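Below is one structure, written out as structure tokens, with a few remarks after it.
What you see is a predicted model; the values in this text were computed from it and never measured.
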Amino acid sequence: MSFKWIRVLMLSILFAGCTNDNEQTVREDVVTDETPFVSTLEQRISRTYVKDGKYLRWNKDDRISMFRGSTMNLQYRFDGETGDNSGMFYMVDFSFDTGIALDHHYAVYPYNKDFKISEKGVISLILPSLQNYAENSFGIGSNAMVAITKDLSDTHLNFRNINGCLRLQFYGHDITIKSILLRGYAHEKIAGSAYVYSEYGEIPTLQMAEGATETILLDCGESGVTLSESADEPTTFWIVLPPVVFSKGFTATLTNDKDEELVVSTTQSVTFERNVVRPMAVLELKNFGDSAGKVGVLKEEAPMTDDDTVYVIGGGKIETQKNE
């Protein structure tokens, strides 16, 4: 056999070996439109001064934005039931569009067609400046979370919270709250455009964009929320916040069903951390619309007892149970 043919044979064997390796890689990494992603939730949401915090659960039909190995934003739907802490997400609408290739799959809760991701995996999203009241929890779609897979063959989404939460506690006689407007005295950015930086196995970090806004409005619905009259069982209002330090304190303007306002505030520095619910002390509300008694003072809550209440991700208490 001539040297020429020996060389051709050797190249053919080498090419065949490379082809088999590539085919092996492709088979391991293929995730199709029909492939479900398995989800789990970060447990648990901590609460300042409390050993035990909140268990999170999914809602039936929850939706997420999925960047499935590319910068294209796909909508996926939760296939489980309300109260599940894990389950499958399936693609909602098939798409023939393409995006720039990524080395991981990324997911964001809740779904938003305007969420984007860069070639380097930086997620651009919008934190809502309008949140809806939910009894004993945060409103649907308020609590953003992100997940990233190990590689393109991995279909496990371990969602992590990117926000913290303020819990206000009020009581009063014959008072119905229609809305609460929150802002920091030092004009801190707390809503709107933001960026999320995430690496597999690491805690995600959030950075507010230059065009972010300074206020969050908690909408309590057309009929409003009537306050408890008991200091021992106050009515709670939850507002989701990005990690932020209100260096000069913050103010909350409450509006009642008569369109009268009452301002409650603190001038102390208050820090809100990722995955932590920070409660303020119980406060009695009165003198709405009376400028002489218009300001109430917010204080951080003293240490509390353990709390094992279960909360669904979209808001609303579903059950109480012992530690799992």
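Counting heavy atoms from C-beta on, the side chains of Val245 and Ser269 come closer than 4.5 Å. In this structure, the side chains of Phe138 and Asn132 stay at 4.5 Å or more apart for every pair of heavy atoms. Counting heavy atoms from C-beta outward, Ile175 and Phe288 have side chains that approach closer than 4.5 Å.
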- Message: Walk me through whether Leu182 and Leu166 qualify under side chain to side chain contact (heavy atoms under 4.5 Å, CB included).
- Response: CA-CA 10 Å; Leu182 183 76; Leu166 163 67; 3.9 Å; yes
- Can you check side-chain hydrogen bond (donor to acceptor under 3.5 Å, both in side chains) on Thr266 and Gln268, steps first, answer last? CA-CA 6 Å; Thr266 177; Gln268 300 297 313; 5.6 Å; no
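Looking at residues two or more places apart in sequence or on another chain, you find no side chain to side chain donor-acceptor pair (under 3.5 Å) involving Glu81.
Gln75 and Arg77 share no donor-acceptor pair across their side chains, judged by distance under 3.5 Å alone. Using a 3.5 Å distance cut-off with no hydrogens or angles, the side chains of Thr82 and Trp58 do not pair a donor with an acceptor. Using a 3.5 Å distance cut-off with no hydrogens or angles, the side chains of His156 and Thr40 do pair a donor with an acceptor. Between the side chains of Arg68 and Tyr106, not a single donor N or O lies within less than 3.5 Å of an accepting N or O.
The backbone N or O of Ala134 lies less than 3.5 Å from no partner atom in the side chain of Ser137, so there is not a single donor-acceptor pair. A side-chain donor-acceptor contact under 3.5 Å links Ser118 to the backbone of Val122. Under the 3.5 Å distance criterion, the side-chain polar atoms of Asn256 are matched with a main-chain donor or acceptor of Asp259. Using a distance-only test at 3.5 Å, with no hydrogens or angles considered, a donor-acceptor pair links the side chain of Ser65 to the main chain of Asn112. A donor-acceptor distance shorter than 3.5 angstrom exists from the side chain of Arg274 to the backbone of Asn161, with no hydrogens or angles considered. Asp151 places a side-chain N or O within 3.5 Å of a backbone atom of Asp154 that can act as its donor or acceptor partner. A donor-acceptor contact shorter than 3.5 Å is absent between the side chain of Glu119 and the backbone of Leu102. Using a distance-only test at 3.5 Å, with no hydrogens or angles considered, a donor-acceptor pair links the side chain of His104 to the main chain of Lys150. Using modelled atom types, no side-chain atom of Glu188 and backbone atom of Val244 make a donor-acceptor pair closer than 3.5 Å.
Here Gln131 contributes atom CD and Trp238 contributes atom CH2; the two are 12.5 Å apart, rounded to the nearest 0.5 Å. Note that OG1 of Thr251 and CG of Leu181 are 8.5 Å apart. Values are rounded to the nearest 0.5 Å.
In the displayed structure, Glu199 atom CD is contacted under 6.0 Å by at most 12 heavy atoms of other residues, nucleotides or ligands. Annotation for Glu34: atom CD counts as buried by contact number, over 12 foreign heavy atoms lying within 6.0 Å.
Aromatic ring pairs are classed by plane angle as parallel below 30°, tilted from 30° to 60° and perpendicular above 60°; the pair Phe37 and His105 is perpendicular.
Of the residues Val146, Val196, Ile123, the one that meets the side-chain contact (heavy atoms from CB on, under 4.5 Å) test with Leu206 is Val196.
The ring pair (Phe, Tyr, Trp, His ring centres under 6.0 Å) contacts involving residues 267-287 comprise Phe246-Phe272, where partners must be two or more places apart or lie in separate chains. For residues 212-230, the set of pairs meeting the side-chain hydrogen bond (donor to acceptor under 3.5 Å, both in side chains) definition, not counting sequence neighbours, comprises His173-Glu229, Thr176-Thr226, His187-Glu214.
Between Phe250 and Tyr185, the distance separating the two ring centers is not shorter than 6.0 angstrom.
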